[in-house]
Amino acid sequence: MKKIRTKMGLTQAEFAAMVGISEEEVSLIEREKVTDIKLSTLQKVAAMTGLTVSELLSVEPEEDSELVGGPV
(Lines give C-alpha, C1' and ligand atoms only; values in the text may rest on other atoms or scores of the structure.)
Protein backbone atom coordinates (compact mmCIF):
# COMPACT_ATOMS: atom_id res chain seq x y z
CA MET A 1 0.00 0.00 0.00
CA LYS A 2 2.82 2.40 0.81
CA LYS A 3 4.38 1.93 -2.62
CA ILE A 4 1.07 2.75 -4.26
CA ARG A 5 0.50 5.80 -2.05
CA THR A 6 3.98 7.21 -2.54
CA LYS A 7 3.89 6.51 -6.28
CA MET A 8 0.74 8.65 -6.34
CA GLY A 9 2.60 11.39 -4.44
CA LEU A 10 0.16 11.37 -1.53
CA THR A 11 0.68 11.72 2.19
CA GLN A 12 -0.94 9.19 4.50
CA ALA A 13 -3.57 11.81 5.39
CA GLU A 14 -4.38 12.56 1.74
CA PHE A 15 -4.54 8.86 0.84
CA ALA A 16 -6.73 8.14 3.87
CA ALA A 17 -9.15 10.89 2.91
CA MET A 18 -9.39 9.61 -0.66
CA VAL A 19 -10.01 6.03 0.45
CA GLY A 20 -12.29 6.91 3.37
CA ILE A 21 -10.25 5.44 6.20
CA SER A 22 -8.25 6.98 9.02
CA GLU A 23 -4.64 8.04 8.68
CA GLU A 24 -3.87 5.63 11.53
CA GLU A 25 -5.41 2.76 9.54
CA VAL A 26 -3.25 3.64 6.52
CA SER A 27 -0.20 3.55 8.78
CA LEU A 28 -1.19 0.19 10.25
CA ILE A 29 -1.81 -1.30 6.80
CA GLU A 30 1.52 -0.02 5.51
CA ARG A 31 3.33 -1.52 8.49
CA GLU A 32 1.42 -4.80 7.96
CA LYS A 33 -0.19 -4.54 11.40
CA VAL A 34 -3.64 -4.91 9.81
CA THR A 35 -4.31 -7.84 7.53
CA ASP A 36 -8.11 -7.80 7.42
CA ILE A 37 -8.66 -4.86 5.10
CA LYS A 38 -12.29 -4.26 4.13
CA LEU A 39 -13.22 -5.16 0.57
CA SER A 40 -14.70 -1.69 0.09
CA THR A 41 -11.31 -0.18 0.97
CA LEU A 42 -9.53 -2.44 -1.49
CA GLN A 43 -12.09 -1.55 -4.17
CA LYS A 44 -11.46 2.17 -3.67
CA VAL A 45 -7.68 1.71 -3.85
CA ALA A 46 -8.04 -0.45 -6.95
CA ALA A 47 -10.24 2.17 -8.62
CA MET A 48 -7.73 4.92 -7.80
CA THR A 49 -4.88 2.95 -9.34
CA GLY A 50 -6.66 1.47 -12.34
CA LEU A 51 -6.09 -2.05 -11.03
CA THR A 52 -8.61 -4.72 -10.13
CA VAL A 53 -8.79 -5.89 -6.53
CA SER A 54 -7.31 -9.18 -7.67
CA GLU A 55 -4.38 -7.41 -9.32
CA LEU A 56 -3.92 -5.21 -6.27
CA LEU A 57 -3.67 -8.23 -4.00
CA SER A 58 -1.24 -10.03 -6.27
CA VAL A 59 1.20 -7.16 -6.86
CA GLU A 60 4.74 -8.22 -6.06
CA PRO A 61 7.35 -5.61 -5.02
CA GLU A 62 9.25 -5.98 -8.30
CA GLU A 63 6.02 -5.32 -10.21
CA ASP A 64 5.35 -1.97 -8.52
CA SER A 65 6.94 0.04 -11.32
CA GLU A 66 3.87 -0.77 -13.41
CA LEU A 67 1.56 0.97 -10.93
CA VAL A 68 0.14 4.41 -11.31
CA GLY A 69 1.89 6.00 -14.21
CA GLY A 70 4.37 3.42 -15.41
CA PRO A 71 8.04 2.81 -14.70
CA VAL A 72 10.02 4.90 -12.26
Next on the checklist: Using a 3.5 Å distance criterion without hydrogens, assess whether the side chain of Glu55 forms a donor-acceptor pair with backbone atoms of Thr52.
Outcome noted: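 Yes.
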
Item to check | Polar side-chain atom of Arg5 near backbone of Phe15 as donor-acceptor pair, under 3.5 Å | outcome: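 No, Arg5 side chain to Phe15 backbone: no donor-acceptor pair under 3.5 Å.
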
Please enumerate all residues that pass side-chain contact (heavy atoms from CB on, under 4.5 Å) together with [X], with sequence neighbours excluded.
X	answer
Glu25	Ile21, Ser22, Ile29
Ala17	none
Thr6	Lys2

Checklist entry - Given Met1 and Ile37, is the side chain to side chain contact (heavy atoms under 4.5 Å, CB included) satisfied, shown in steps? => result CA-CA 11 Å; Met1 193 79 68; Ile37 304 168; 4.3 Å; yes

Next on the checklist: Looking only at the side chains, is there a donor atom on one of Gln12 and Glu30 sitting less than 3.5 Å from an acceptor on the other?
Outcome noted: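 On atom types as modelled, these side chains qualify, holding a pair under 3.5 Å.
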
Checklist entry - Minimum heavy-atom separation for Ala16 to Val26, with atom names? => result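 So the two residues come closest at CB-CG2, 3.6 Å.
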
Item to check | Where Glu14 and Gly9 come nearest, the two heavy atoms and their spacing | outcome: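 Smallest interatomic distance, heavy atoms only, reads OE1-O, 4.0 Å.
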
Item to check | All pairs passing salt bridge (charged side-chain N to carboxylate O under 4.0 Å, His left out) where residues 31-51 contributes a residue, at least two apart | outcome: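 Applying salt bridge (charged side-chain N to carboxylate O under 4.0 Å, His left out) to every pair that reaches into residues 31-51, excluding sequence neighbours, yields nothing.
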
